[in-house]
Amino acid sequence: VTRYVVVGGGIIGLATARALLNAEPDAEVTVLEKESSLAQHQTGRNSGVIHSGIYYAPGSAKASMCRAGAASITAFAEAHAIPVVATGKLIVATSDAELPALDALLERGLANGIPVTRIGPQQAREHEPFVSCVAALWVESTAITDYTAVCWALADEIRAAGATITTRATVTGFAHRVSETVVESTAGPMPADVVINCAGLQADRIADADTAADDGVVGSRIVPFRGEYFELRPERAHLVKGLIYPVPDPEFPFLGVHLTRMVDGTVHAGPNAVLALAREGYDWRTIQPRDVADVLRFRGFWQLARRNLRPGLMEVSRSLSRKRFAASLARLVPGITAADLTPSRAGVRAQALKRDGGLVDDFLIQRRGRNVHVLNAPSPAATSSLEIGKHIAELATADSH
Ligand SMILES: Cc1cc2nc3c(=O)[nH]c(=O)nc-3n(C[C@H](O)[C@H](O)[C@H](O)COP(=O)(O)OP(=O)(O)OC[C@H]3O[C@@H](n4cnc5c(N)ncnc54)[C@H](O)[C@@H]3O)c2cc1C
């Protein structure tokens, strides 16, 4: 019987535990989560979108796993009575200058096999009566769900299949023996045949601690980018029916501040993207000196900062001014003002950055020795989670077949 220890109780860790038990029903699977509850970080603080898969480079893991994952997560949610609302999504060009990028996105979507249509302003207003645009893409298959509820259902399922989930268990290191790895945590030592690192914002540090693998050096580092959200006041929520997104800046890794109707009917606006001063820092007041020092010591950060100085400073000024934030939203839906916005929960993205300042674009999952490390699983990893879990289980169980 193989003993698997999964580090991290976010959607990737839980989906991985499920896939391991599907592949090896007799396996001993333990999930160690440092918080007192599951899904407290990225998974519980995202936009709740089931992405269609139009944005990602054809042939990438993101493109294929997002497309397959949208179908599998929808089926899973529906089977567990978790709400899925097929809102569709409008991506709007607000000036002629954005049309080339809109058309490039259309082509990419079609290359990825996603049903997407280019429409004019009038048709766009049939979907979203208050939107303003010169042209738009309509993506019918985009939907919304509640990823925290998905995690609870995953947890129930894996417990029923024999897994143990231990919360308040912070993994602090590993001791390597010839035939096993002892996982050291605040819940005590735990021997494992295979360790799977799904630690999200801490994934690079957990990978570093697994020194038995290669030279122990992880080339990429996690750089935390906070995304702040506002909520539209209930009396203004009628301005948005579903999802309204800008055309993403091709130079920038994030999708741009958008308007998202959540499954509870509230409309969220965001996320922006500012450097977080703590990996789990959900506001400007939270500063973790070790996390800041890690960023400042990392060559890749300075390369990125040099190349993105202007947009980076714009993001910071928009973070500090609700008026500027509202102005970005008003480009999509004129009439939205700062008075319509109330602050909402922020999230921090775990984005891996290379030493040369380039972002690790695709999902990055590596088997090193006996263990598997998820080194980059940013958006659309929630959408793709069941496929990522399956892939990890294949990597992790490769020896036993
Ligand atoms: C603002 C924002 C918006 C997003 N929007 C979307 C979206 O609409 N659709 C989509 O598909 N994706 C979206 N994403 C991406 C998606 O949320 C993530 O890709 C996904 O949640 C990653 O899951 P995870 O399990 O890897 O990470 P996490 O949810 O962060 O889980 C990692 C877990 O590991 C635990 N951990 C860390 N260190 C240790 C340790 N030493 N010991 C024990 N446990 C540890 C943490 O406490 C945490 O619970 C968004 C992300 C953000 C931040």
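Position 1 is the first residue of the sequence; numbering continues from there. Counting starts at 1 for both ligands and their atoms, following the listed order.
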Considering heavy atoms of the protein only, find what lies nearest to atom 13 (C) of ligand 1 and give residue, atom and distance to 0.1 Å.
-> Ser379 OG, 3.5 Å

Numbered atoms of ligand 1 (with element) below 4.0 Å of His41, judged on heavy atoms | 30 (O), 46 (C), 47 (O), 48 (C)

With heavy atoms of Ile206 as the reference, note each atom of ligand 1 found under 4.0 Å away.
-> 41 (N)

In terms of heavy-atom contacts, does CZ of Arg331 have more than 12 from other residues, nucleotides or ligands at under 6.0 Å?
-> no

Would one find an N or O of Asn46, backbone or side chain, under 3.5 Å from an N or O of ligand 1?
-> yes

Using heavy atoms and a threshold below 4.0 Å, how should the contact between Val348 and ligand 1 be classified: side chain, backbone, both, or neither?
-> backbone

For atom 11 (O) of ligand 1, which candidate among Val7, Thr167, Thr383, Asn197 holds the nearest heavy atom?
-> Thr383

Which of the atoms in ligand 1, numbered in the order shown and given with their element, are less than 4.0 Å from a heavy-atom of Cys198?
-> 32 (C), 33 (C), 34 (O)

Apply side-chain contact (heavy atoms from CB on, under 4.5 Å) to the pair Asp103 and Arg118, showing each step before the final yes or no.
-> CA-CA 8 Å; Asp103 287 326; Arg118 193 183 195 284; 2.6 Å; yes

Using distance alone, decide if ligand 1 has a nitrogen or oxygen within less than 3.5 Å of any nitrogen or oxygen in Lys34.
-> yes

Which one of Ala382, Pro378, Pro224, Ser37 has a non-hydrogen atom at the shortest distance from atom 10 (C) of ligand 1?
-> Ala382

Starting from atom 26 (O) of ligand 1, which protein heavy atom do you reach first, and at what distance in Å?
-> Ile12 CG1, 3.3 Å

Check against side-chain contact (heavy atoms from CB on, under 4.5 Å), Arg18 and Leu21 | CA-CA 5 Å; Arg18 176 178 185 254; Leu21 286 161; over 6 Å; no

Any idea how Tyr245 and His258 line up, ring-wise: parallel (<30°), tilted (30 to 60°), or perpendicular (>60°)?
-> parallel

Pairwise distance CD1(Ile392) to OG(Ser385) - rounded to 0.5 angstrom | 10.0 Å

With a 4.0 Å heavy-atom cut-off (strictly under), which part of Ala39 contacts ligand 1: side chain, backbone, both or neither?
-> neither

Starting from atom 34 (O) of ligand 1, locate the nearest protein heavy atom and write down its residue, its atom name and how far away it is, to 0.1 Å.
-> Gly8 CA, 3.3 Å

Ion pair Asp356/Arg307, N-O distance below 4.0 Å = no

Considering only heavy atoms of Leu32, which atoms of ligand 1 have at least one such atom less than 4.0 Å away?
-> 43 (C), 44 (N)

Flag Glu33 as yes when one of its N or O atoms lies below 3.5 Å from any N or O atom of ligand 1, and as no otherwise.
-> yes

Backbone or side chain, does any N or O of Val49 fall under 3.5 Å from an N or O of ligand 1?
-> yes

What part of Gln42, side chain from CB on, backbone N/CA/C/O, both or neither, has a heavy atom under 4.0 Å from ligand 1?
-> both

If we only count N/O pairs under 3.5 Å, is Gly200 in contact with ligand 1?
-> no

How close does the nearest protein non-hydrogen atom get to atom 31 (O) of ligand 1, and which residue and atom is it?
-> Gly10 CA, 3.4 Å

Give the residue and atom name of whichever protein heavy atom lies nearest to atom 29 (O) of ligand 1, and the separation in Å to one decimal.
-> Thr43 OG1, 2.5 Å

N/O of Val171 under 3.5 Å from N/O of ligand 1, yes or no?
-> yes

Do we get Arg322 above Phe230's six-membered ring, with its NZ or CZ under 6.0 Å from the centre and within 45° of the axis?
-> no

In short, ring-ring contact (aromatic ring centres under 6.0 Å, His included) pairs touching residues 130-164 with sequence neighbours left out are His127-Trp138, Phe130-His238

What orientation do Tyr55 and His51 show, parallel under 30°, tilted 30 to 60°, or perpendicular over 60°?
-> perpendicular

For atom 1 (C) of ligand 1, which protein heavy atom lies nearest, and how many Å away is it?
-> Tyr229 OH, 3.4 Å

Spatial distance of atom SG (Cys133) from atom CG (Leu332) [nearest 0.5 Å] = 9.5 Å

Subset of ligand 1 atoms that lie under 4.0 Å from at least one heavy atom of Ala169 | 42 (N), 43 (C)

Any nitrogen or oxygen of Ala377, main chain or side chain, under 3.5 Å from a nitrogen or oxygen of ligand 1?
-> yes

So, Arg370 versus Thr181: side-chain donor-acceptor pair below 3.5 Å or not?
-> yes

Presence of salt bridge, Asp193 and Arg3, under 4.0 angstrom = yes

Could you go step by step and tell me if Leu38 and Leu14 meet the side-chain contact (heavy atoms from CB on, under 4.5 Å) rule?
-> CA-CA 9 Å; Leu38 302 169; Leu14 296 168; 4.1 Å; yes

Protein residue, atom and distance nearest to atom 37 (C) of ligand 1, heavy-atom basis | Ala199 O, 3.3 Å

With Glu24 as partner, the option from Val29, Val1, Thr397 fulfilling side-chain contact (heavy atoms from CB on, under 4.5 Å) is Thr397

Is any NZ, NE, NH1 or NH2 atom of the basic residue among Lys354 and Asp361 found under 4.0 Å from an Asp or Glu carboxylate oxygen of the other?
-> no

For Thr170, the ligand 1 atoms whose distance to one of its heavy atoms is below 4.0 Å = 41 (N), 42 (N)

Please check if any side-chain donor atom of Glu228 sits under 3.5 Å from a side-chain acceptor atom of Asn272, or the reverse.
-> yes

Hey, is Arg45 touching ligand 1 through its side chain, its backbone, both or neither, going by heavy atoms under 4.0 Å?
-> backbone

Distance filter under 4.0 Å to Gln202 heavy atoms, resulting ligand 1 atoms = 37 (C), 38 (N)

Basic-acidic side-chain contact under 4.0 Å: Asp283, Arg285 = yes

Element-labelled atoms of ligand 1 that are located less than 4.0 Å from some non-hydrogen atom of Gly48 | 8 (O)

Note: Ile50, heavy atoms under 4.0 Å from ligand 1, region reported as neither

